[in-house]
Amino acid sequence: MTKASESRKAYPGADDGRRLIDPSCLRRLTDDELDVADEEGDLAGNQHYLDLRATSLADLSHALDWEAALIVQVRRSEDPAEAELAVYASRPPDDERESLWNMDLGVASASVALAVAGACPFTSCNGGTFGGVHDKARPQVRFYLQDAELDVLRDWAEKVGAWIEARDDALTLVAPDLDVLLGFARTAARAMESGRQY
């Protein structure tokens with residue numbers, strides 16, 4: 001049994017990769033809409049939206065290394081929920097990259113991977129992995145498809161046991177845990193660095 005099918009078995013509501021998502025039903029934002037969202041810091045109900053269109057493969061590599069190190073640090077602590085809060089409190093206010101774009105710990109790498117691939121991530125949640133109250137039960141990133149290729153994103157997700165769901169006019173990358181979400185980002189980085197699929 002593959003890792004992807006094991007994840008789907010553990011989460012029976014997960015997209016099995018065969019259910020069709022009709023891209024024509026998905027919203028495509030214009031550059032003007034994205035510029036306004038960037039200026040106002042608000043997109044699709046996220047009042048802390050941060051535009052990631054300018055992120056690069058170098059940003060993705062940095063995010064993967066830095067986020068993985070922070071996750072290890074938090075997991076090894078006596079109180080992961082407190083350690084997660086300490087990570088947030090110590091973020092440099094003037095450096096988006098070092099602060100992992102002020103996202104929940106564990107979702108920045110996947111968000112940047114989606115952005116570099118041409119999608120527009122607009123909200124995310126680590127699913128309360130380290131404790132505390134979070135909006136979602138599992139780690140996930142909501143995004144607009146934009147210029148990204150759905151089949152490519154799905155392939156990356158399925159290789160590591162994540163899945164993509166259509167909700168309303170956008171998509172959601174969902175993972176059973178943060179390791180799988182980081183695996184998605186690593187898979188995307190390797191593919192984009194080698195020029196495969198792009």
Side-chain angles (χ1 to χ4, degrees), residues 21 23-64 66-67 70-71 84-85 87-130 132-150 152-154 156-157 162-175 178 180-182 184-185 188-189 192:
I21 294 174
S24 69
C25 295
L26 301 174
R27 183 173 176 202
R28 180 179 172 80
L29 302 175
T30 65
D31 286 340
D32 288 343
E33 287 174 306
L34 290 169
D35 290 342
V36 168
D38 184 33
E39 289 171 20
E40 295 178 357
D42 187 351
L43 180 61
N46 178 3
Q47 297 176 349
H48 302 285
Y49 168 73
L50 185 63
D51 187 352
L52 298 176
R53 285 179 289 175
T55 54
S56 65
L57 279 171
D59 293 322
L60 176 53
S61 177
H62 173 79
L64 276 164
W66 185 226
E67 193 162 51
L70 289 173
I71 288 170
E84 179 186 17
L85 294 175
V87 165
Y88 300 150
S90 67
R91 288 177 164 171
D94 298 328
D95 190 335
E96 290 176 345
R97 188 170 149 167
E98 287 301 310
S99 67
L100 295 172
W101 297 271
N102 291 310
M103 294 182 213
D104 282 1
L105 183 60
V107 299
S109 298
S111 297
V112 172
L114 287 165
V116 174
C120 174
F122 62 88
T123 190
S124 56
C125 180
N126 72 11
T129 297
F130 306 108
V133 177
H134 283 253
D135 191 40
K136 305 296 179 190
R138 292 188 290 270
Q140 56 192 265
V141 180
R142 296 253 307 141
F143 64 98
Y144 292 109
L145 187 60
Q146 298 297 99
D147 296 324
E149 296 180 34
L150 178 57
V152 171
L153 300 181
R154 249 189 177 158
W156 295 342
W163 60 92
I164 293 177
E165 300 173 347
R167 295 185 196 162
D168 303 319
D169 58 359
L171 298 168
T172 306
L173 170 66
V174 186
L178 291 184
V180 170
L181 207 58
L182 284 171
F184 169 86
M192 291 188 285

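Excluded from the calculations below are hydrogen atoms, water molecules and symmetry mates; all remaining heavy atoms, backbone and side chain alike, are included. Only a predicted model underlies this, so the values are computations on that prediction, with no experimental measurement involved.
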Tightest non-hydrogen contact, residues R138 and W163, listed as NE-CZ2, 3.8 Å
Q. Any side-chain heavy atom of D42 sitting closer than 4.5 Å to one from Y49?
A. no
field: Any R53 side-chain heavy atom under 4.5 Å of D31 side chain
entry: yes
Heavy-atom closest pair (W156 atom, A117 atom, distance to 0.1 Å) is CZ3-CB, 3.9 Å
Looking only at heavy atoms, the pair that brings V180 and A162 closest together is CG1-N, 3.6 Å
Exercise for review: Using a 4.5 Å cut-off on heavy atoms from C-beta on, say whether the side chain of E33 contacts that of R27.
Suggested key: yes
Quiz item: Under 4.5 Å between any side-chain heavy atoms of R97 and T55, yes or no?
Solution: no
Does a side-chain heavy-atom distance below 4.5 Å link L43 with N46? no
Nearest heavy-atom contact between P139 and T129 is CG-OG1, 4.0 Å
Heavy atoms of E165 and R167 approach each other most closely as OE1-NH2, 2.6 Å
Checking L153, V141, T172 against I164 for side chain to side chain contact (heavy atoms under 4.5 Å, CB included), the one that qualifies is L153
| Expected output: side-chain E67 to main-chain G106 donor-acceptor under 3.5 Å | yes
d(S109 OG, L114 CG) to nearest 0.5 Å is 11.0 Å
Value for CZ (F130) from CG (L105), rounded to nearest 0.5 Å, stands at 4.5 Å
Value for CG (D104) from CG (D135), rounded to nearest 0.5 Å, stands at 9.5 Å
Minimal heavy-atom distance between C120 and Q146, with the atoms involved, is CB-CG, 3.7 Å
The reported gap from OG in S99 to CG in L50 (rounded to nearest 0.5 angstrom) is 8.0 Å
Practice prompt. Begin from the C-alpha positions of D147 and R28 and carry the test side chain to side chain contact (heavy atoms under 4.5 Å, CB included) through to its verdict.
Written response: CA-CA 9 Å; D147 296 324; R28 180 179 172 80; 2.7 Å; yes
* Kindly say whether S56 contributes a backbone atom to a donor-acceptor pair with the side chain of D59 at under 3.5 angstrom? => yes
d(E84 CD, I71 CD1) to nearest 0.5 Å is 9.5 Å
Taken to the nearest 0.5 Å, the spacing of L181 CG from N126 CG works out to 9.5 Å
